[in-house]
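These notes concern the structure reproduced below.
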Amino acid sequence: KSKNNFNLVINQILENIYTDKLEDKDIFQIIQIWKNAFTESEIIKKNSNFAVKICNRLNELYLHNEWKEFIEITLQQFVTFLEPDHIDILRMQFQLGRALSFNGKNEEALVKLEEVWEKYKKVLGEEHEETLKCADYIADFLRRLNRYDESLEWHERVWKSLVKVHGENHEKTMKTKRDMIWVLNEQGKREKALTIWKQMLESSEKEFGHEDPRSLSTRNDIAYCLYDHGKFVEAKKEFEELLELRVKVKGEDHQDTLNTKDWLSYTLHSLGEKEKALEMMEQVLISQEKVLGPNHHHTNDTRDKISQWRKE
């Protein structure tokens with residue numbers, strides 16, 4: 001009876017936690033509750049997806065050492081209590097591959113990620129959303145390692161599957177195409193990349209309109225590419241036009257709007273318009289404190305940047 005009561009209480013606790021709201025001080029208490037249930041197979045089986053969500057939250061909070069440790073100890077329990085091809089074992093192994101990549105264990109991470117991708121294909125199918133998510137992560141990881149040709153191969157594999165599932169004009173398909181263009185840009189083929197982006201924008205605005213998310217995302221890529229190329233005057237124009245659309249579509253405090261304001265601030269600063277840059281960055285800080293909270297890492301980064309600019 002005592003054991004049944006314990007299982008009931010733990011299950012009720014885990015079922016009523018919103019992991020996306022947990023902060024540092026809370027998450028460690030929840031992890032300890034989870035560890036207390038490690039000997040109870042029914043709790044593990046019933047709440048395995050909860051552990052995956054905890055992993056995601058640890059990563060979002062930049063607690064990478066704790067993230068990797070939690071993955072490793074939880075995987076041991078999953079292997080003991082769950083079926084070998086259980087989806088949450090695969091999800092946790094995917095998390096492990098990501099954690100290894102964050103810790104600089106690049107080759108070990110790639111081996112793990114490709115192994116998980118093969119398992120996803122077997123269990124879920126090659127065109128399943130989670131299989132494609134794993135392949136997309138591999139493509140992006142290879143890009144970060146400057147292994148551009150391999151990155152393009154993986155992106156193209158994802159793009160072809162997305163075209164088959166959703167069509168060429170779906171938001172996910174177009175995002176993958178933009179990712180492929182970013183690889184070209186980082187290979188040094190900047191003018192080619194910029195030309196393709198402008199063609200995409202023209203096509204997207206013609207078919208979906210200026211305010212469609214696909215058009216806005218492509219315009220953002222163009223603006224950042226111009227900034228990255230040192231073409232600050234052109235970048236300023238693009239970011240200003242994008243900001244006007246972001247405010248209209250998403251509102252002043254939406255994260256996409258704040259990101260655009262952030263990059264416009266950097267562009268203004270690069271052009272020597274430092275007072276305007278500081279004023280806009282201060283607007284970003286006010287919104288972040290309201291939306292994200294005063295102690296969020298993005299809020300802290302913005303506050304540090306403002307402090308740095310004030311000293312110039």
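Note that the coordinates shown come from a computational prediction; the quantities given were computed from them, not determined experimentally. Note that these values count all heavy atoms, side chains included, but never hydrogens, waters or copies made by symmetry.
- Side chain of Thr299 to main chain of Asn295: no donor-acceptor pair is present (N/O by atom type, distance under 3.5 Å, no hydrogens or angles).
- For Glu244 and Lys248, the salt-bridge test fails: no basic side-chain N is under 4.0 Å from an acidic carboxylate O.
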Intermediate values then yes/no, side-chain contact (heavy atoms from CB on, under 4.5 Å), Met200 and Met174: CA-CA 9 Å; Met200 277 188 69; Met174 292 184 71; 4.0 Å; yes

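- With rounding to the nearest 0.5 Å, the separation of CG in Asn103 from CG in Asn65 is 6.5 Å.
- Under the 30°/60° scheme for interplanar angles, the aromatic rings of His170 and His166 are found to lie parallel.
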Given Glu252 and Lys261, is the salt bridge (charged side-chain N to carboxylate O under 4.0 Å, His left out) satisfied, shown in steps? CA-CA 10 Å; Glu252 287 280 356; Lys261 279 188 175 182; 3.0 Å; yes

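- A 4.5 Å side-chain heavy-atom check between Asp149 and Gln187 finds at least one atom pair inside the cut-off.
- Side-chain atoms of Gln95 and Asn56 include a donor-acceptor pair closer than 3.5 Å.
- When all heavy atoms are compared, the tightest approach of Cys55 to Ile71 is SG-CG1, 3.5 Å.
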Step-by-step side-chain contact (heavy atoms from CB on, under 4.5 Å) determination, Lys236 to Glu273: CA-CA 11 Å; Lys236 176 185 174 184; Glu273 300 180 40; 3.1 Å; yes

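- By the criterion of side-chain heavy atoms lying less than 4.5 angstrom apart, applied directly or through intervening Ile, Leu, Val, Met, Phe, Trp or Tyr residues, Trp263 is not grouped with Val291; the two fall into different hydrophobic clusters.
- A salt bridge is defined here as a Lys NZ or Arg NE, NH1 or NH2 lying under 4.0 Å from an Asp or Glu carboxylate O, and Glu118 with Lys121 meets this definition.
- Remark: side-chain polar atoms of Ser203 are not paired, donor with acceptor, to backbone N or O of Gln199 under 3.5 angstrom.
- Note: Trp154 CH2 to Leu142 CG = 8.0 Å, rounded to the nearest 0.5 Å.
- The aromatic rings of Tyr266 and Trp309 sit perpendicular to each other, their planes meeting at more than 60°, with 30° as the lower class boundary.
- Leu58 and Leu292 are assigned to two separate hydrophobic clusters, defined by single-linkage of ILVMFWY side chains at heavy-atom distances under 4.5 Å.
- Counting only heavy atoms from C-beta outward, the side chains of Ile31 and Ile54 approach each other to under 4.5 Å.
- In this structure, NZ in Lys68 is found 4.5 Å from NZ in Lys105, a value given to the nearest 0.5 Å.
- Closest non-hydrogen pair, Leu75 versus Gln93, comes out as CD2-CG, 4.0 Å.
- By the 4.5 Å heavy-atom criterion applied to side chains, Leu243 and Met280 are counted as neighbours.
- Counting only distance, with no hydrogens or angles, the side chain of Asp88 and the backbone of Asn49 share a donor-acceptor pair below 3.5 Å.
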Please step through side-chain contact (heavy atoms from CB on, under 4.5 Å) for the pair Asn106 and Phe141, ending with a clear verdict. CA-CA 9 Å; Asn106 299 334; Phe141 182 42; 3.6 Å; yes

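- With hydrophobic clusters built from ILVMFWY side chains whose heavy atoms lie under 4.5 angstrom apart, Leu152 does not share a cluster with Ile138.
- Here the OG1 atom belonging to Thr173 is positioned 14.0 Å from the NZ atom belonging to Lys160, to the nearest 0.5 angstrom.
- When the side chains of ILVMFWY residues are joined at heavy-atom separations under 4.5 Å, either directly or via intervening members, Leu113 and Val116 end up in a single hydrophobic cluster.
- Taking a 6.0 Å sphere around CD of Glu168, one finds it holds 12 or fewer heavy atoms contributed by other residues, nucleotides or ligands.
- Through ILVMFWY side-chain contacts below 4.5 Å, Ile286 is grouped with nothing and stands alone.
- Two residues are said to be in side-chain contact when any heavy atoms from C-beta on lie closer than 4.5 Å; His229 and Glu234 fail this criterion.
- Residue Phe94 is grouped with residue Trp67 when hydrophobic side chains (ILVMFWY) are merged at heavy-atom distances under 4.5 angstrom, including chains of intermediate members.
- Checked by atom type and distance alone, the side chain of Ser151 pairs as donor or acceptor with a backbone atom of Ala139 at under 3.5 Å.
- Summarising the geometry of Val158 relative to Asp136, their closest heavy-atom pair is CG2-N, 3.8 Å, with the distance given to 0.1 Å.
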Stepwise salt bridge (charged side-chain N to carboxylate O under 4.0 Å, His left out) test for Arg57 and Glu60: CA-CA 5 Å; Arg57 188 58 181 155; Glu60 288 168 359; 2.9 Å; yes

In sequence, state the C-alpha distance, the side-chain angles, and the governing distance for Asn185 and Ile181, and then conclude on side-chain contact (heavy atoms from CB on, under 4.5 Å). CA-CA 6 Å; Asn185 182 66; Ile181 302 170; 5.7 Å; no

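- Within a 6.0 Å radius of NZ in Lys177, other residues, nucleotides and ligands contribute 12 heavy atoms or fewer.
- In this structure, the side chains of Glu115 and Lys112 come closer than 4.5 Å at one or more pairs of heavy atoms.
- Annotation: side chain of Leu278 is in contact with side chain of Arg310 (closest heavy-atom distance under 4.5 Å).
- Heavy atoms only, all atoms of each residue included: Glu126 and Leu132 are closest at O-CD2, 3.6 Å.
- Taking SG from Cys134 and CD from Glu129, the interatomic distance works out to 13.0 Å, rounded to the nearest 0.5 Å.
- Under a cutoff of 6.0 Å and an axis angle of 45°, Arg144 and Tyr137 form a cation-pi pair.
- Residues His86 and Ser48 come closest through the heavy atom pair CE1-OG, 3.6 Å.
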Taking it one step at a time, do His298 and Gln255 satisfy side-chain hydrogen bond (donor to acceptor under 3.5 Å, both in side chains)? CA-CA 11 Å; His298 289 323; Gln255 189 59 50; 5.5 Å; no

Got a list of side-chain donor-acceptor pairs under 3.5 Å for residues 213-226, not counting sequence neighbours?
from, atom 1, to, atom 2, distance (Å)
Arg214, NE, Asp212, OD2, 2.8
Arg214, NH1, Asn169, O, 2.6
Arg214, NH2, Asp212, OD1, 3.1
Ser215, OG, Ser204, OG, 2.7
Ser215, OG, Gly209, O, 2.8
Ser217, OG, Pro213, O, 3.0
Thr218, OG1, Arg214, O, 2.9
Arg219, NH1, Glu238, OE1, 3.0
Arg219, NH1, Glu241, OE1, 3.0
Arg219, NH2, Glu205, OE2, 2.8
Asp221, OD1, Trp182, NE1, 3.3
Asp221, OD2, Arg178, NE, 2.8
Asp221, OD2, Trp197, NE1, 3.4

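- By the 30° and 60° cut-offs, the orientation of the rings of Phe102 relative to His64 is tilted.
- Pairs passing the salt bridge (charged side-chain N to carboxylate O under 4.0 Å, His left out) check and including a residue from residues 297-309, sequence neighbours excluded, read Glu289-Arg303.
- Nearest heavy-atom pair across Trp117 and Arg157 is CZ2-CD, 3.6 Å.
- In the displayed structure, Glu83 atom CD is contacted under 6.0 Å by at most 12 heavy atoms of other residues, nucleotides or ligands.
- One finds the CG atom of Leu194 at 11.0 Å from the CG atom of Asp228 (value rounded to the nearest 0.5 Å).
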